[in-house]
Student: 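The structure follows.
We use all heavy atoms of the structure for the numbers below, so side chains are in, but hydrogens, waters and symmetry mates are not. Predicted model only: the values in this text are computed from it and were never measured.
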Amino acid sequence: MRATDGVGRTIRNYLKDETSVEHARLDERLGALITDDTKDYAAFLAIQYCARRGIECWLDRHGPPEPPPPQTGLIARDLADLGHQPPLATPDFAMSDSAQALGVCWVLAGSALGNRTILSRMARLGARRPVAFLSDPEMGEYWRGLLPALQRPATESGTSAVLDGALATFAHFNAAAADHPLLEMA
């Protein structure tokens with residue numbers, strides 16, 4: 001059962017604790033695609049594109065004044081370099097409240113940390129792939145700029161919407177991964 005508030009923790013720690021199951025599930029699904037097979041990497045990128053496209057559109061309309069940098073263009077470039085087109089059909093992302101945007105931004109910005117890990121894993125595999133998305137420095141810079149907001153103390157009244165945004169974002173990514181043919185059984 002999830003805690004009802006984040007009192008006594010920072011917003012960052014609260015989000016990390018309360019989304020750990022969803023985060024681990026997504027990492028397991030996407031991590032399975034980081035192999036020496038180009039087809040797996042293209043599937044990884046297609047899932048990223050599908051999930052991020054809807055979120056980026058939502059952030060354009062409802063997000064904070066300084067949303068995370070868009071990355072679907074970088075993903076599309078990497079897919080093209082692999083000889084693939086980006087997916088045409090991408091699911092919409094809908095949230096009821098712009099107060100949830102910090103949670104959405106936390107998930108997207110935090111992915112920059114995971115991307116560094118993936119780059120290291122690919123290097124160990126000797127996999128040479130286009131990595132404009134994985135090596136994007138702008139998302140790392142955005143993450144560092146978001147940290148002061150995330151280091152604030154969590155409050156009972158101020159964290160519920162942020163957690164809802166983070167959970168919805170992980171659910172959106174997990175749905176995109178589950179819908180991909182290579183991961184339907186995962």
Student: Do any N or O atoms from the side chain of T10 and from the backbone of N13 form a donor-acceptor pair under 3.5 angstrom?
Tutor: yes
Student: Give me the atom names and distance for the closest heavy-atom approach of L15 to A166.
Tutor: CD2-CB, 4.1 Å
Student: For R129 and D78, run salt bridge (charged side-chain N to carboxylate O under 4.0 Å, His left out): C-alpha distance rounded to whole Å, both residues' side-chain angles, the deciding distance at 0.1 Å, then the answer.
Tutor: CA-CA 8 Å; R129 308 276 186 270; D78 286 345; over 6 Å; no
Student: Of all heavy-atom pairs between A109 and M139, which one has the smallest distance, and what is that distance?
Tutor: CA-SD, 3.7 Å
Student: Please step through side chain to side chain contact (heavy atoms under 4.5 Å, CB included) for the pair M95 and T169, ending with a clear verdict.
Tutor: CA-CA 9 Å; M95 300 285 299; T169 305; 5.5 Å; no
Student: Determine whether more than 12 heavy atoms belonging to other residues, nucleotides or ligands lie under 6.0 Å from atom CG of D92.
Tutor: no
Student: Measuring from atom CD of E18 to atom CZ of R9, what distance do you get when rounded to the nearest 0.5 angstrom?
Tutor: 5.0 Å
Student: Measure the spacing between CZ of R25 and OG of S20 and express it to the nearest 0.5 Å.
Tutor: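 Spacing of CZ (R25) from OG (S20) equals 13.5 Å.
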Student: Among D136, L134, V131, find the one that has a side-chain contact (heavy atoms from CB on, under 4.5 Å) with N115.
Tutor: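 Answer after filtering D136, L134, V131: L134.
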Student: With sequence neighbours left out, what residues match N174 under side-chain hydrogen bond (donor to acceptor under 3.5 Å, both in side chains)?
Tutor: R29
Student: Where does the angle between the aromatic ring planes of W106 and H23 fall among parallel (under 30°), tilted (30 to 60°) and perpendicular (over 60°)?
Tutor: perpendicular
Student: What are the two closest heavy atoms between M122 and I34, and how far apart are they?
Tutor: CG-CG2, 3.7 Å
Student: Between L102 and R152, what is the shortest heavy-atom contact and its length?
Tutor: CD2-NH2, 4.4 Å
Student: Check the angle between the aromatic planes of H62 and W58 and answer parallel, tilted or perpendicular using the 30° and 60° thresholds.
Tutor: tilted
Student: I need the minimum non-hydrogen distance between L79 and A42, along with the two atoms involved.
Tutor: CD2-O, 3.6 Å
Student: Do you know which two heavy atoms are closest between I75 and L45, and how far apart they sit?
Tutor: CG2-O, 3.3 Å
Student: Tell me if a side-chain donor or acceptor on R121 pairs with a main-chain N or O of G31 at a distance below 3.5 Å.
Tutor: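 Present.
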Student: Would you say that more than 12 heavy atoms from the other residues, nucleotides or ligands in this model lie under 6.0 Å from the CD of Q151, or not?
Tutor: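 Yes, the 6.0 Å shell around CD holds more than 12 heavy atoms from other groups.
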Student: Report yes or no: do R52 and S111 form a side-chain donor-acceptor pair below 3.5 Å?
Tutor: yes
Student: Under the side chain to side chain contact (heavy atoms under 4.5 Å, CB included) rule, what do I55 and F173 come out as? Steps first, then yes or no, please.
Tutor: CA-CA 10 Å; I55 293 170; F173 269 92; 3.6 Å; yes
Student: Is there a side chain to side chain contact (heavy atoms under 4.5 Å, CB included) between L59 and C105? Walk through the geometry before answering.
Tutor: CA-CA 9 Å; L59 284 168; C105 294; 4.2 Å; yes
Student: So, taking the atom named CG in L146 and the one named CZ in R12, what distance separates them when rounded to the nearest 0.5 Å?
Tutor: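 Rounded to the nearest 0.5 Å, the CG-CZ separation comes out at 9.5 Å.
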Student: Tell me if a side-chain donor or acceptor on Y49 pairs with a main-chain N or O of G73 at a distance below 3.5 Å.
Tutor: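 Absent.
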Student: To the nearest 0.5 Å, what is the distance between CZ on F44 and CG on L33?
Tutor: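 That separation rounds to 8.0 Å.
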Student: Using the salt bridge (charged side-chain N to carboxylate O under 4.0 Å, His left out) rule, take R61 and E56 through it: C-alpha gap first, then chi angles, then the decisive distance, then the call.
Tutor: CA-CA 9 Å; R61 293 187 307 274; E56 288 176 5; over 6 Å; no
Student: Any donor and acceptor pair, going by atom type alone, linking the side chain of R116 with main-chain N or O of A112 inside 3.5 Å?
Tutor: no
Student: Is there side-chain contact between T155 and I11, with at least one heavy-atom pair below 4.5 Å?
Tutor: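 T155 vs I11: side chains apart.
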Student: Decide yes or no on side chain to side chain contact (heavy atoms under 4.5 Å, CB included) for E138 and Y142, but give the supporting numbers first.
Tutor: CA-CA 6 Å; E138 288 184 37; Y142 182 82; over 6 Å; no
